[in-house]
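Just so we're on the same page: letters track the sequence lines, and every chain starts at 1. The shown structure was predicted, so the numbers you read here are calculated from the model rather than taken from an experiment.
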Amino acid sequence: MNSKRVIFHVDMDAFYASVEIRENSDLENKPVVVGVGPNVEKFKGVVSTASYKAREYGIKAGIPLIQAYNKCKDIVIMPARISYYKEVSNNIMEILKKYSDKFQQISIDEAYLDVSKRIEDYDSIENLVNKIKEEILNNEGLTCSIGVGPNKSIAKIASGFKKPSGVTIINSDKIRKFLDPLPVKTIPGVGKKTKKLLAKRGIEKIKDLIKLSKSDLISLLGKAGGKIYDIAIGRESSEVKPRGPRKSLGFIRSFESSTDDIKKIKEKIKELSKSIIKKIQADDFQFRTMSIIIRFDDFSVITRSNSLTHHTNDYKVLIKNVIDLFDKVYDNEKRKIKRIGVRVSNLTKSSLKQEILSKYFE
DNA sequence: GGGGGAAGGATTCC
DNA sequence: TCATGGAATCCTTCCCCC
Ligand SMILES: Nc1ncnc2c1ncn2[C@@H]1O[C@H](COP(=O)(O)OP(=O)(O)OP(=O)(O)O)[C@@H](O)[C@H]1O
Ligand SMILES: [Mg+2]
């Protein structure tokens, strides 16, 4: 029995922007930006993604639209149509499933495929990769990048190595050669803060990281440190497994400008709550915990939450609780509010009996 | 001492 | 100067209770 695995990580190229370009051929080769936020037309919002042409100007996800415009006055800004991208995503995921024995969707535009059983040699890897890319291009008119490795993390890092439309295959005997020179930030889980913390200790490349012991890294970074260590030594071994049920659901909206108009804020809270109820009822969920999220004009963020004794999907219950939470915060609060959100968690399926748990209580 | 849960914050990801 | 929106996971603190 051979335990060596072959994992693919498939990641669509500039996904939202590519869909918009596919829909409108005038946009081909143009610097296209998909924007999100309170008023994309008036540059109030940020870049959700940028086409590769736009990236030449330093435009990338997360930067304010006004900055993107200043970098390139020719950009075409499209407001995001997430539900449409979701449909496209579903089509792509169906294609990917066909080519794998185990499948794990990670996000709207990424998935892991365990294809170990379908691979005998290097050529069969290339054949399978090309087949997948072909079918996505033919059926959906979109390109993707694929990383191949002996585990999920290496596959993922590999898929980002050559983009767009790249293929990167990392054999087990090339792991060190591949990982060593990469910056620590390449590792999934190492973000801005962790990068800085490591830099302070002179750790910038993955090869620096593996000089530390696993326990060093755990005492430095907690549980995350252990995961980061395993990835860095190339021995991360988590399974490709289907996505579980969602754990929370919520909506957040920013105001065009910060406000202390309580009425306006409460209206927004009700609107967001209504959307949540609509969605959980459609998806047949119930919740037990309700939270509000507030970002003030100084950009500090607070969350307030409370939990019920029983699950519910009732609008009135949600409204009462989140408005109460808000009133408590705004009792003696001077700062204006930039952004307000409502979220529910502790979810269960409404109809389906909770067989597994209820068995224990017979 | 610690299990177990609630709350709140921080960080990361896409 | 600008600074989204959806979600997951982890950490710390507090509390109830054995
Ligand atoms: N910071 C962000 N805010 C909102 N949406 C984001 C953000 N980052 C990514 N997304 C959305 O998720 C999609 C997939 O993200 P991903 O990181 O794979 O980038 P991408 O646009 O597909 O480009 P790439 O070719 O680098 O993969 C994007 O198209 C995008 O719009
Ligand atoms: Mg992508």
Side-chain angles (χ1 to χ4, degrees), chain A residues 9 11-17 33-40 42-50 59-71 77 79-83 85-86 89 105-111 153 156-157 159-160 184-197 218-228 243-258 272 275-276 279 288-309 321 325 328-329 338-347:
Chain A
H9 180 260
D11 186 332
M12 302 305 296
D13 300 323
F15 184 51
Y16 296 178
V33 153
V34 174
V36 286
N39 195 337
V40 167
K42 285 199 273 184
F43 296 150
K44 290 208 157 282
V46 303
V47 173
S48 176
T49 195
I59 298 169
K60 57 183 182 181
I63 72 168
L65 290 171
I66 189 70
Q67 277 180 20
Y69 175 74
N70 287 334
K71 285 175 188 290
I77 301 182
R81 297 185 280 166
I82 308 285
S83 49
Y85 310 144
K86 183 83 188 102
S89 168
Q105 183 174 351
I106 292 300
S107 73
I108 194 164
D109 88 322
E110 289 174 58
S153 302
K156 177 159 171 103
I157 294 169
S159 77
V184 290
K185 179 85 173 51
T186 324
I187 294 178
V190 177
K192 234 177 101 160
K193 299 281 178 179
T194 309
K195 177 189 145 117
K196 199 165 171 196
L197 195 148
I218 290 175
S219 47
L220 215 56
L221 306 172
K223 206 169 167 173
K227 288 186 188 172
I228 289 165
R243 256 221 291 230
R246 72 156 73 242
K247 299 195 163 85
S248 70
L249 184 164
F251 293 102
I252 300 186
R253 287 290 167 269
S254 295
F255 297 107
E256 273 192 54
S257 52
S258 305
L272 297 167
S275 308
I276 289 175
K279 191 149 175 195
R288 203 166 63 76
T289 302
M290 299 148 289
S291 319
I292 58 167
I293 303 99
I294 300 173
R295 169 175 272 169
F296 296 103
D297 54 2
D298 64 1
F299 263 72
S300 58
V301 177
I302 62 161
T303 68
R304 291 293 177 268
S305 63
N306 70 14
S307 298
L308 307 166
T309 52
N321 281 274
L325 288 170
K328 260 188 259 170
V329 172
K338 170 67 178 159
R339 205 173 179 212
I340 182 85
V342 180
R343 185 150 210 100
V344 296
S345 52
N346 261 308
L347 305 181

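- Side-chain N/O atoms of Arg288(A) include one lying less than 4.0 angstrom from OP1 or OP2 on dA6(B).
- Contact between the side-chain N/O atoms of Ser254(A) and the OP1/OP2 oxygens of dA3(C) is not found at any separation under 4.0 Å.
- Annotation: of the two residues near DNA chain C, Lys223(A) and Arg253(A), the 5′-most nearest-nucleotide partner is Arg253(A).
- The residue among Glu256(A) and Pro245(A) whose nearest nucleotide of DNA chain C lies closer to the 5′ end is Glu256(A).
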*Quick one, give me the B/S/- string for nucleotides 12-18 of chain C, reading 5' to 3', where B means a protein heavy atom under 4.0 Å from the base and S means that only happens at the primed atoms, P, OP1 or OP2.*
-------
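- Separation of atoms NZ (Lys185(A)) and NZ (Lys195(A)) is listed at 7.5 Å; rounding is to 0.5 Å.
- Within the structure, every side-chain polar atom (N or O) of Ser307(A) is placed at least 4.0 Å from both OP1 and OP2 of dG5(B).
- Rounded to whole Å, the distance from CG on Asn39(A) to C1' on dA3(C) is 15 Å.
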_Assess the residue pair Gln67(A) and Val46(A) against the criterion (side-chain contact (heavy atoms from CB on, under 4.5 Å)); give the C-alpha distance rounded to whole Å, side-chain angles, the decisive distance to 0.1 Å, and a yes or no._
CA-CA 9 Å; Gln67(A) 277 180 20; Val46(A) 303; over 6 Å; no
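- In this model, the phosphate group of dT4(C) is not approached by any side-chain N or O of Lys44(A) to a distance below 4.0 Å at OP1 or OP2.
- Atom CG of Asp297(A) and atom C1' of dA3(C) are 13 Å apart (whole Å).
- Nearest nucleotide to the Thr303(A) side chain, out of dT11(B), dG9(B), dT1(C): dG9(B).
- In this structure, Leu325(A) places its CG atom 8 Å from P of dG8(B), rounding to the nearest Å.
- Between Tyr16(A) atom OH and dC13(B) atom C1' the separation is 12 Å, expressed in whole Å.
- At the phosphate of dG8(B), OP1 or OP2 sits under 4.0 Å from a side-chain N or O atom of Ser305(A).
- Using a 4.0 Å heavy-atom distance criterion, Ile63(A) is classed as making no nucleic acid contact.
- Remark: Lys192(A) NZ is loosely packed, at most 12 non-hydrogen atoms of other residues, nucleotides or ligands lying under 6.0 Å away.
- Rounded to whole angstrom, the span from the CZ atom of Arg339(A) across to the C1' atom of dC2(C) amounts to 14 Å.
- In terms of heavy atoms, Tyr85(A) sits closest to Ala80(A) at OH-CA, 3.7 Å.
- Under 4.0 angstrom from either OP1 or OP2 of dT9(C) there lies at least one side-chain N or O belonging to Lys247(A).
- At a threshold of 4.0 angstrom between heavy atoms, the contacts of Asp109(A) are confined to the sugar-phosphate backbone, with no base atom among them.
- In plain terms, the two heavy atoms of Arg243(A) and Gln105(A) that are nearest each other are CG-O, 3.2 Å.
- Ser258(A) and Lys338(A) make their closest contact through OG-CB, 3.8 Å (heavy atoms, listed as atom of the first residue, atom of the second, distance).
- Nucleic acid contact class of Arg246(A) (heavy atoms, under 4.0 Å, all strands): sugar-phosphate only.
- A donor-acceptor pair is defined here as one N or O able to donate and one able to accept, closer than 3.5 Å; no such pair exists between the side chain of Arg295(A) and the backbone of Val301(A).
- Looking at heavy-atom distances under 4.0 Å, Lys227(A) makes contact with sugar-phosphate atoms alone, never a base.
- Distances were taken from every side-chain heavy atom of Thr194(A) (C-beta onward) to each of dT11(B), dC14(B), dT9(C); the shortest belongs to dT11(B).
- Set against dG9(B), dC2(C), dT4(C), the side chain of Pro38(A) has dT4(C) as its closest nucleotide.
- Although no hydrogens or angles enter the test, the distance criterion places no donor-acceptor pair under 3.5 Å between the side chain of Thr289(A) and the main chain of Asn346(A).
- Residue Lys156(A) places at least one side-chain N or O under 4.0 Å from the OP1 or OP2 atom of dC14(B).
- Atom NZ of Lys42(A) is separated from atom C1' of dC2(C) by 16 Å (rounded to the nearest Å).
- Contacts of Arg243(A) with the nucleic acid, taken as non-hydrogen atoms under 4.0 Å apart, are absent.
- Across the protein-nucleic acid pair, Leu197(A) atom CG and dC11(C) atom P stand 14 Å apart, rounded to whole Å.
- Lys196(A) comes within contact range of no nucleotide atom at all, as no heavy-atom separation falls under 4.0 Å.
- When heavy atoms are screened at a 4.0 angstrom cut-off, Ile82(A) is found touching no nucleic acid atom at all.
- In the set dC2(C), dG5(C), dT11(B), the nucleotide with an atom closest to the side chain of Gln67(A) is dC2(C).
- Applying the side chain to side chain contact (heavy atoms under 4.5 Å, CB included) test between Leu65(A) and each of Ile77(A), Ile59(A), Asn70(A) identifies Ile77(A) as the sole match.
- Side-chain proximity of Phe251(A) to dC2(C), dG6(C), dC13(B): nearest is dG6(C).
- Put simply, Arg343(A) has a side-chain N or O that comes within less than 4.0 Å of OP1 or OP2 on dA7(C).
- Ile187(A) comes within 4.0 angstrom of the backbone, heavy atoms only, and of no base.
- Taking 4.0 angstrom as the limit, Arg304(A) places none of its side-chain polar atoms (N or O) nearer than this to OP1 or OP2 of dA7(B).
- For the pair Lys60(A) NZ and dC2(C) C1', the interatomic distance rounds to 14 Å; values are reported in whole Å.
- Note on Val190(A): only backbone sugar-phosphate atoms sit closer than 4.0 angstrom, heavy atoms only; bases stay farther off.
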